[in-house]
> 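First the structure, which I've put down as structure tokens, then a few questions once you've had a look.
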Amino acid sequence: MNHLVIKRPDFGFAKDCLNALKKTELKYLLVQDFFTGDELKTIIRDLRALPNRLYTKATPGYTVFPRPAFNMVNPAEDVEVYFTEAKEAFINLKKYIGIDVVARFNDVFKQLNSAKPVQVLPGPTDGSTFMPINFRIMTPEIGTKATSHIHNGSNITARCVNGTYKHLADVVDFENQLSFFCLLQNCAVGGDLTIYDFKREDYPALVDGRYLINGDIKIDLETTKEKCTVHMEPGDLIVFPGGQLWHRVEVVKKAERISLGGFAASSFAGSNWYYWI
Ligand SMILES: O=C(O)CCC(=O)C(=O)O
């Protein structure tokens with residue numbers, strides 16, 4: 001599987017990349033200079049000034065702002081709770097982060113979708129909307145799981161399809177969703193993204209990176225060589241078929257890693273693209 005590296009704003013070969021990624025014709029797309037060095041400084045300064053109450057500690061070593069729609073602790077959470085919080089979160093994002101990060105994603109996704117706008121996914125009722133993206137802060141902590149756990153995004157989405165993601169599952173082809181994130185700050189050891197050459201359906205019952213048949217390990221993703229590990233620089237954006245390909249963030253062992261990302265998918269007919277978290 002190929003990958004493509006481009007520099008914003010030169011989108012040349014990448015004009016229909018969202019569809020190529022969905023078809024797994026591409027393993028990943030890396031967009032360098034998604035944010036410039038000065039923009040990164042502003043974003044991180046503003047993030048650090050955010051009141052503590054706005055952060056959600058999702059799992060040990062993994063803190064997010066704002067929270068995603070999926071609620072792993074309570075997958076059947078009342079949708080009203082999330083959409084009320086999302087309204088507030090949108091206001092806070094604009095109030096606290098001095099750079100319009102959503103506008104940047106809108107701009108770049110449009111370039112990667114043959115000049116057709118990619119919208120933030122609307123919610124089930126008039127005026128309600130999913131959050132487009134969130135900040136993810138990973139710190140070295142014993143027991144860290146979060147995205148360091150080998151996973152694919154569509155399995156996670158599927159866990160909430162009776163709750164906050166019910167509407168999403170009606171509207172978008174989430175099984176083929178893409179994952180995307182911009183690395184804002186790298187950690188000192190660990191933190192690279194590993195994408196395996198295995199699809200969800202190759203190992204549908206993968207548990208903790210291991211696929212067992214009759215008690216024997218058929219595949220152990222910890223040791224396989226069929227993978228690539230992508231080292232990113234701060235300011236790089238990566239987009240990859242995270243709903244289809246097993247992947248992980250290597251365990252953060254030293255210092256803090258900060259990323260900003262979400263998920264994207266097309267409508268079932270493939271004509272419209274949306275993104276959300
Ligand atoms: O934001 C990150 O750093 C990791 C994202 C990820 O693992 C995912 O989208 O599935």
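Just so you know, ligand 1 is whichever comes first in the structure, and atom 1 is the first atom listed for that ligand.
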> Using 30° and 60° as the class limits, which term best fits the ring planes of Phe34 and Phe105: parallel, tilted or perpendicular?
tilted

> Is a donor from one side chain sitting under 3.5 angstrom from an acceptor on the other, for Thr157 and Gln177?
yes

> Can you pull out the closest protein heavy atom to atom 4 (C) of ligand 1? Residue, atom name and distance to 0.1 Å, please.
Val249 CG2, 3.6 Å

> Are Gln244 and Ser154 close enough that a side-chain donor and a side-chain acceptor fall under 3.5 Å?
no

> Hey, which atoms in ligand 1 end up nearer than 4.0 Å to a heavy atom of Ser259?
1 (O), 2 (C), 3 (O)

> Could you tell me whether Arg257 approaches ligand 1 through its side chain, its backbone, both or neither, with non-hydrogen atoms closer than 4.0 Å?
side chain

> Do me a favour and list the nearest non-hydrogen protein atom to atom 9 (O) of ligand 1 with residue, atom name and distance?
Ser179 OG, 3.0 Å

> Using 30° and 60° as the class limits, which term best fits the ring planes of Phe70 and Tyr165: parallel, tilted or perpendicular?
perpendicular

> With a 4.0 Å heavy-atom cut-off (strictly under), which part of His247 contacts ligand 1: side chain, backbone, both or neither?
side chain

> In terms of the angle between their ring planes, are Phe130 and Tyr82 parallel, tilted or perpendicular, with boundaries placed at 30° and 60°?
tilted

> At a 4.0 Å threshold, what atoms of ligand 1 neighbour a non-hydrogen atom of Phe263?
9 (O)

> Looking at ligand 1, does Arg248 have a heavy atom less than 4.0 Å from it?
no

> Can you tell me the protein heavy atom closest to atom 1 (O) of ligand 1 and the distance?
Arg136 NH1, 2.5 Å

> Any chance the side chains of Arg136 and Thr147 put a donor and an acceptor closer than 3.5 Å?
no

> Indicate whether the side chain of Lys199 and that of Thr24 have a donor and an acceptor atom separated by less than 3.5 Å.
yes

> Which protein non-hydrogen atom lies closest to atom 7 (O) of ligand 1, naming both residue and atom, and how far is it?
His151 NE2, 3.2 Å

> Taking a cutoff of less than 4.0 Å between a non-hydrogen atom of the residue and any ligand atom, is Phe180 in contact with ligand 1?
no

